[in-house]
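Here's the structure we're looking at; comments come further down.
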Amino acid sequence: MSAQREEKKLVTITIDGKECKGKYGDTILKIARANGIYIPTMCYLSKVEPIASCRMCVVEVEGVEGMILSCQEKAVDGSVVRTTSKDLYLQRQNIMKLYNVNHPLECGVCDKSGECELQNKTLEFGISQQNFTAREVHKKVENWGFVSYDPALCIMCEKCVRVSNEITGNEALQISVGGYRSTIVNVKNSTCPSLGESAAVCPVGALVSSDFKYSSNAWELKRIPASCAHCSSACSLNYEVKNDKIYRVTNDFEFSSLCGAGRFGFDFENRNAVKDPEIFKEAISAFKRANTISFSAIITNEEALILQKLKEKYKYKLVCDEAYGYQQFLKAYGSITGETLYSGNLNSIKESSAVIVFGSRINDDNPMVKYHITMASKRNRARVAYLHPMEDSNISNIVTQFIKYEVGSEEGVAALLANTFLSSREISPELKSFLDNLDIGNISAESSVGEEELMALLKSIDKKEKLTFVVGSDLYNHPRAKEIAKLLGAIDKYSDFSFVIVPPATNALGVSLICSLDEKAEGYTVGYNSKGDFELSSLGDGDMDMPALNQQEGTLTNIDKRVVPTNAALSYNGYVLNDIANELGLKAEYTIDYTTHLPEKAGFKPENFDNLPSYFDNSGIEHRGYLLTSKSVKAAEDFDDIEELPTFDGAIVYNCNENINMNIFTNVTKAFKSDETYLKGSPQFAGIVKLNDGDEITFSANGTKYKRVFKIDESMKGTIALNPIFDMGLNASLNNSYRFSRLNREQ
Amino acid sequence: MAHIEEHKETHTVQKEKQNYVMLDLGKTPKFGMPAFIQVVKRSLSLELLKGLGVTFREMINALFKGKMHTTKYPFEKLPISPRYRAIHEMLRLLESGHYRCIGCGLCEKICISNCIAMETRYDENQRKEVSQYTINFGRCIFCGYCAEVCPELAIVHGGRYENASEQRAGFSLFEDMLTPIDKLKEQKEFAGFGSISPNADENIKKTPLAY
């Protein structure tokens, strides 16, 4: 209790004569920055723990002898701090001189020139002469795939190492200590795109993007603030543009992160769209004829609203395979919790001391969630329980308990979890009778989740303060999704877990809140980024062109339940959905005129698009768009008895886009475009299916035919193979079915 | 105020130094008859022939004594001052013959009429290579900033001032401005800003006014 009270306490310190307030436990530097006071740093990165390698942030504190590192020293109430003095200046000047020892004078060609911390600080401290020398050693430039490393330029600030360990969890980078010969080493020889995150924080030109290297000077590029279009995290990013071409993606790396897809998969624009009145007429007649509009959830809120309004006007069936299951899941979940939205967000994952991940191969499904789990694991030593039918070697470094369950037994697992967490709590009589009726032994045997595993799980989260439960997209299209949602809702309601129900596609949350979706398409179908009789496509392969998400402005609803604005980075000369809507009787000059009309009933606010902010302030608080408000709905508890758990024998395929190639849009980018799509399985899987590495295989799963090349992955176990679906283009029936299916081999 | 007073002072100094003398030119006739008399007087004293004589003498000098006062442009051109700013030249390194430009982009940045466009890339030798470089001579005002800012003395102004053509694009590509590799030996080093022409001494004339 006392610890909690202390936590809330405010401290007041005087910095350079200015009274500054901060939270107990904040460092001097953090308080100074939040109050707009400048303290120079070289190695400090707000989003990781203090590194304290540069010693630039020294300050003087009254009554304390010597200089103090403001980046790691916690502020003591009432202390008086000076950030500038002659001694401090000389100290910082000397540090800068040391950083400049043998630093190659290649600013003229260096990528970082113009945005280089070393350049800036060297000028700031007026380094006009060098008093230090060292014998230069030859250091070779290394190519690590998406990034390349030039040790000669490296100032050993350690930021990249920290990011790779603390945030991306890749743990590939380490420091090879050797005084002046120290370098960063890639211990895993990783070529993973998440190294881009490390490159982003490099204050000099040592770690840079291989693709961008030497292609443009930083000052020639125009920054377009936007939101990432690839997954439901919709991270904030800047498209950097010159001559109507995106050269690179940057972000506010002090406070936010990007995964590889966001950072390198930026060139998915629909390039050669033109306005063709003939095709437009065809589109209008297709819309007039249509019974169904089928669309992908990778669209803006405004477009979703246009489609909803068209539905109201023309009585269309509105089908969105990616969002429908999610919408139903949220609805069933809300029927227990009494809220339209889930309770947690990415930040609550980061701050939690125990995380449970259920029903998602989270490393591949949503890298940002995985980054936040990594942060929780590294900083709070959080317990991470990973419940899934397949072990994932990529996250074995953060997972403390892996609980394997049988494919298809999710409902049973949810019931077991509810029983484990809630049986000792005060619960409603309906839930109590449901839990009492459970045949624990049977479910446990069928799902192969042992009672002792659950007891260990319960014990591990005992006395932990902040708990988060991450729910993934294996469950949304499960045949028993509703029941699972209800059980998870009960856990949310009666326990201390905050829930994050990860939206399965970029704007699945927005679509599920804005549109009233139908389950099945009927009759003549217009497809928007989806299969149909008349296809509107942002990939440029349909009957009519549509702008991709980097060519249009609008808002997205992300996993944080935040409505975030995105802007057009590239020009687009074709028609947009709003043109069609205007022709069909709606009226709006621009698509963003709909931003104010987003349904308030679903929690949106009547904000004008142009008034939506998009920045992080000095203290790291996100000011992007606005947060949705959760509305209360009628809660009624009724639980169905558990159905007999299905059994999946033999070879099973799991639809999962691996390695950051997340969707059909990343698959057209230069960085991720793959010519061959592999079905990846363990040696055991190969044995069952009688396949060798490199064999071609044709199979059908859930009614869709796939042609794949088989690849054995030694790190995998079991009889489940990973089947990527990013190359299936506008093919619909993939996302509305359960992600696991039996392999039906065709000859 | 101070600088105005200073200015006044120098003005008075100049007044003291200069001793202008009014020449006695007589009176200009104001009526018809005196004016007619003046014309007759001047004609009869052969002033016209004196003038023609000067012309004839100069013609003889030009044609036979090689003292021509004009040049036969475009067959003949006057030497141009090294500080003259005409179409740019891209110089090469004398030792290796490789072009000097490192693609730093400073010329592109400093250009006030925004007429330089360049693209660079990472080449096979891990160096920054200029893949595209053009100057839009329709917009260039020949201010010389690009040459001044260039850290490698790679881009300089040349003496090619004849840029009338159907399309100026013809001499705006990197390759057009680059010293031809076989003429590397003739490549002249840029003398630098404020440099004077080689025949500067000859061109200096004494001025009658004591400034």
Side-chain angles (χ1 to χ4, degrees), chain A residues 103-116 118-119 122-123 138-154 196 199 204-223 240-248 264 267 670-671, chain B residues 88 90-93 95-96 98-140 144-156 169 172-174 177-178 190:
Chain A
H103 192 87
L105 287 173
E106 54 174 59
C107 296
V109 293
C110 182
D111 262 339
K112 208 70 183 180
S113 180
E115 52 178 17
C116 173
L118 191 73
Q119 243 179 11
T122 301
L123 290 174
H138 179 65
K139 294 166 175 171
K140 249 178 75 185
V141 177
E142 281 172 62
N143 190 351
W144 298 339
F146 286 91
V147 299
S148 56
Y149 174 63
D150 186 349
L153 290 165
C154 184
V204 291
L207 202 56
V208 292
S209 150
S210 304
D211 169 58
F212 176 69
K213 195 168 189 186
Y214 292 169
S215 65
S216 176
N217 284 316
W219 58 78
E220 293 293 333
L221 300 169
K222 196 173 147 203
R223 249 173 217 196
E240 301 222 343
V241 182
K242 183 169 92 175
N243 303 333
D244 209 23
K245 179 188 160 192
I246 299 175
Y247 273 75
R248 63 169 175 180
F264 299 113
D267 48 339
K670 198 174 102 196
Chain B
H88 309 66
M90 284 286 174
L91 303 189
R92 288 182 188 270
L93 290 168
E95 300 87 346
S96 63
H98 195 272
Y99 55 79
R100 292 182 187 179
C101 179
I102 55 167
C104 70
L106 289 182
C107 48
E108 185 187 21
K109 177 68 185 165
I110 206 165
C111 181
I112 49 174
S113 50
N114 229 348
C115 63
I116 299 181
M118 61 191 296
E119 267 177 34
T120 51
R121 67 182 193 93
Y122 187 69
D123 77 357
E124 297 73 30
N125 309 318
Q126 299 185 331
R127 292 177 68 99
K128 195 173 187 177
E129 186 192 57
V130 186
S131 50
Q132 295 272 343
Y133 193 103
T134 57
I135 302 178
N136 181 348
F137 285 111
R139 291 175 66 169
C140 179
Y145 280 5
C146 50
E148 193 160 354
V149 79
C150 182
E152 300 288 316
L153 291 180
I155 184 169
V156 297
S172 66
L173 293 175
F174 191 73
M177 295 182 280
L178 194 61
F190 179 53

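Here is how names work: the chains are called A, B, and so on, in the same order as the sequence lines, proteins then strands, and each is numbered from 1. In what follows, every heavy atom counts, from backbone to side chain, and hydrogens, waters and symmetry copies are set aside.
Among A:Cys107, A:Ser148, A:Gly108, the residue with the largest count of heavy-atom pairs under 4.5 Å with chain B is A:Gly108. Of the residues considered (A:Asn243, A:Asn217, A:Asp111), A:Asn217 shows the highest number of contacts with chain B, using heavy-atom pairs under 4.5 Å.
Neither the backbone nor the side chain of A:Glu106 comes within contact range of chain B; no heavy atoms are under 4.5 Å apart. For A:Ser215, the parts lying near chain B are the backbone and the side chain together; criterion is any non-hydrogen pair under 4.5 Å.
Figure legend: A:Arg248 and A:Phe212 shown as a cation-pi pair, the cationic atom lying under 6.0 angstrom from the six-membered ring centre and within 45 degrees of its axis.
A 6.0 Å sphere centred on CD1 of B:Ile112 holds more than 12 heavy atoms belonging to other residues, nucleotides or ligands. B:Phe174 CZ: more than 12 foreign heavy atoms inside a 6.0 Å radius.
Judged by distance alone, the side chain of A:Ser209 and the main-chain N or O of A:Val147 form no donor-acceptor pair under 3.5 Å.
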